[in-house]
Every structure is written in structure tokens, then in C-alpha cells.
Amino acid sequence: MAWVVLIVSGMLEAGWALSLKASDGFTRLWPSVLFVVMLAASMGGLAWSLKTLPVGVAYGVWVGIGAALTAVLAIVFLGESVSVLKIVSLVLIVAGVVGLNLSGGGH
């Protein structure tokens, strides 16, 4: 269950990052509120998962999911540029997350 919570928390990290962008420097109310809610849920899920998962693996997975998903969503929905180097870099992030899991992400 800790892995499920961690994955959802990583996805929420992408949500709060995009909400932060949409808040326009906290000048827009609802994106700012969404940022705070998603940030709290994301951190709460990470904290809960750390009760049973090793911090190095869990944090790496959380950041990797958040970073990769944020970049992909920004490309798809915000029109950010895409390049071969960016795609290769995202693949390397995903490979790193998978490698952390395979390295003994349990106890």
C-alpha cells in the first residue's frame, strides 16, 4: 500500500507544480488554493509512505514521478518545447525510478 500512496503522491507533485504555474505568483486565488491542497496531500502521502519505505528510494521515486510527469504535462498542455534531448532525459528519469525500485526498494 505504501507504494500506491507514494505513486499517487508523486502524481500530486506534478499537480501542485502545474497549479503553482497557474497561480501566476499566487495572484490567482483558485490555482493558489489548489496548489496548497495538492502540496499538503503530496507531502502527507510521502510522509506516510516513509513509515515503511527507505527514504532514499521513496524520495527518489517521488521526485522522479513528479518531475517526469510535470515535464510531460507541460509539453502536452502548456505547449512547452520538445526535443530529442528532453525526451531522452525524461526516459533517463523513468529509468532511474525503475532502477531505484529494482535496487531493493523494500526494507
Side-chain angles (χ1 to χ4, degrees):
M1 187 61 163
W3 281 108
V4 172
V5 171
L6 182 66
I7 290 167
V8 170
S9 296
M11 294 168 70
L12 286 169
E13 182 188 2
W16 65 251
L18 295 173
S19 296
L20 183 60
K21 170 71 173 167
S23 77
D24 197 25
F26 297 115
T27 61
R28 298 181 59 222
L29 177 64
W30 293 114
S32 299
V33 169
L34 193 57
F35 163 76
V36 171
V37 170
M38 288 187 159
L39 177 65
S42 179
M43 291 289 178
L46 174 62
W48 186 84
S49 69
L50 288 176
K51 289 181 182 181
T52 57
L53 298 175
V55 68
V57 172
Y59 185 72
V61 168
W62 181 77
V63 168
I65 290 170
L69 186 57
T70 300
V72 168
L73 292 174
I75 290 168
V76 172
F77 295 110
L78 301 179
E80 289 194 9
S81 66
V82 64
S83 66
V84 171
L85 181 57
K86 192 176 279 189
I87 297 301
V88 168
S89 299
L90 288 169
V91 168
L92 289 171
I93 290 171
V94 172
V97 168
V98 170
L100 283 171
N101 283 316
L102 296 174
S103 72
H107 297 282

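Predicted model, so just to flag it, every value in this text is computed and none were measured.
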Heavy-atom side-chain contact between Val94 and Leu90 under 4.5 Å: no
Between side-chain atoms of residues 68-85 and protein atoms elsewhere (two or more places apart, or another chain), which donor-acceptor pairs fall under 3.5 Å?
residue	atom	partner	partner atom	Å
Thr70	OG1	Gly66	O	2.6
Ser83	OG	Lys86	N	3.1

Side-chain cluster (under 4.5 Å, hydrophobic types only) that Leu29 belongs to, other residues: Trp30, Val33, Val37
Contact summary for Ala41 and Ser9, nearest pair of heavy atoms: O-OG, 4.2 Å
Of all pairs that satisfy side-chain hydrogen bond (donor to acceptor under 3.5 Å, both in side chains), the ones with a partner from residues 87-99, not counting sequence neighbours: none
Of all pairs that satisfy side-chain hydrogen bond (donor to acceptor under 3.5 Å, both in side chains), the ones with a partner from residues 35-46, not counting sequence neighbours: Ser42-Trp62
Which residues share a side chain to side chain contact (heavy atoms under 4.5 Å, CB included) with Ser49, sequence neighbours left out: Ala2, Leu6, Leu46, Leu53
Could you pull out every donor-acceptor pair under 3.5 Å between side chains of residues 11-24 and any protein atom, sequence neighbours left out?
residue	atom	partner	partner atom	Å
Ser19	OG	Gly15	O	2.9
Ser23	OG	Leu20	O	2.7
Ser23	OG	Phe26	N	3.2

